[in-house]
Amino acid sequence: MYQVVIDTNVLVSALLSYQGASHRLLRLVGDERWRLNLSVPLVFEYEQTLKRICTGGPLTGDDIDEVIGFLCANANLRPIFLLWRPFLPDPKDDFILELAVESRADYLLTFNTRDFAGADRVGVQVMSPREFLAIIGELP
């Protein structure tokens, strides 16, 4: 089973469009081939960002709470004890990389792969949701 960390931009994309790799990935949370890993700081970022960007249209704050609850119920919840910062070009992304290292994630999924330049030095492979879906055989 692959261990995975998902960057916030992937969830935003998944909730703004019901088509595409991000939404397909969200629908596969809980799949036996891979496991999502979360930390308290990442859950707070998901909640804050999703409520800011995705509400006001068909989604409400309650809908976002349900998505967050679903993710938490189907993920490994990881405490973070590593605090080696700054490591990445944007220090605001370091806590996501720390989670990936702590959870021994095989993959960190994001649309901003350049933001995680250097992640391979700590054993984390960064890729898009589409690339990951191809690995698990979910692309036509």
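Sequential numbering from 1 along the given sequence is applied to the chain's residues. Keep in mind it's a predicted model, so treat the numbers as computed, not measured.
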| message | Run the salt bridge (charged side-chain N to carboxylate O under 4.0 Å, His left out) test against Asp65 and tell me which residues pass, sequence neighbours left out. | response | Lys51
| field | Shortest non-hydrogen contact from Leu25 toward Pro129 | value | CD2-CB, 4.2 Å
| Quick one: OH on Tyr18 to CZ on Arg27, what's the gap to the nearest 0.5 Å? | 10.5 Å
| said: Rounded at 0.5 Å granularity, tell me how far CG in Leu50 sits from CD in Glu45. | reply: 9.5 Å
| request: Would you indicate whether the side-chain heavy atoms of Val67 and Leu11 approach each other to under 4.5 Å? | output: no
| query | Does Thr8 reach the side chain of Leu42, with side-chain heavy atoms less than 4.5 Å apart? | reply | yes
| message | On a heavy-atom basis, which atom in Ala14 and which in His23 lie closest, and how many Å separate them? | response | O-ND1, 3.0 Å
| query | Do Met127 and Leu109 come within less than 4.5 Å of each other through their side chains, counting heavy atoms only? | reply | yes
| request: Hey, could you give me the CG/CZ distance between Leu108 and Phe116, rounded to the nearest 0.5 Å? | output: 5.0 Å
| Are Tyr107 and Trp34 near enough that their ring centres are under 6.0 Å apart? | no
| query | Same hydrophobic cluster for Val101 and Val40, using side-chain heavy-atom links shorter than 4.5 Å among ILVMFWY? | reply | no
| field | Least distance between heavy atoms, Cys72 atom then Val43 atom | value | SG-CG2, 3.9 Å
| query | To the nearest 0.5 Å, what is the distance between CE (Met1) and CG (Asp31)? | reply | 8.0 Å
| note | Here the gap from Asp7 atom CG to Leu97 atom CG, rounded to the nearest 0.5 Å, amounts to 11.0 Å
| field | Rounded distance (nearest 0.5 Å) linking atom OG of Ser22 with atom CG of Asn9 | value | 7.5 Å
| message | Are the side chains of Leu38 and Tyr46 in contact, using a 4.5 Å heavy-atom criterion? | response | yes
| query | Just wondering, are more than 12 heavy atoms of other shown residues or ligands nearer than 6.0 Å to CZ in Phe44? | reply | no
| field | Heavy-atom pair with the smallest gap, counting every atom of Ser39 and Leu99 | value | N-CD2, 3.7 Å
| The single option from Leu26, Ile53, Asp63, Thr55 passing side-chain contact (heavy atoms from CB on, under 4.5 Å) against Leu15 | Leu26
| request: Consider only side-chain heavy atoms of I, L, V, M, F, W and Y, link residues closer than 4.5 Å, and tell whether Leu139 and Ile136 are in one cluster. | output: yes
| request: Please identify each residue that fulfils side-chain hydrogen bond (donor to acceptor under 3.5 Å, both in side chains) with Arg24, with sequence neighbours left out. | output: Glu138
| request: Taking the side chain as every heavy atom from C-beta outward, state whether Leu36 and Asn74 have any atom pair closer than 4.5 Å. | output: no
| Can you find a heavy atom in the side chain of Thr49 that is under 4.5 Å from one in the side chain of Arg52? | yes
| message | Please check if the number of heavy atoms outside Arg33 that lie under 6.0 Å from its CZ is greater than 12. | response | yes
| request: Of all the heavy-atom pairs spanning Ala21 and Leu133, show the shortest one and how long it is. | output: O-CD1, 3.5 Å
| query | Can you list the residues that meet the side-chain hydrogen bond (donor to acceptor under 3.5 Å, both in side chains) rule with Asn37, with sequence neighbours excluded? | reply | Gln3, Asn76, Arg78
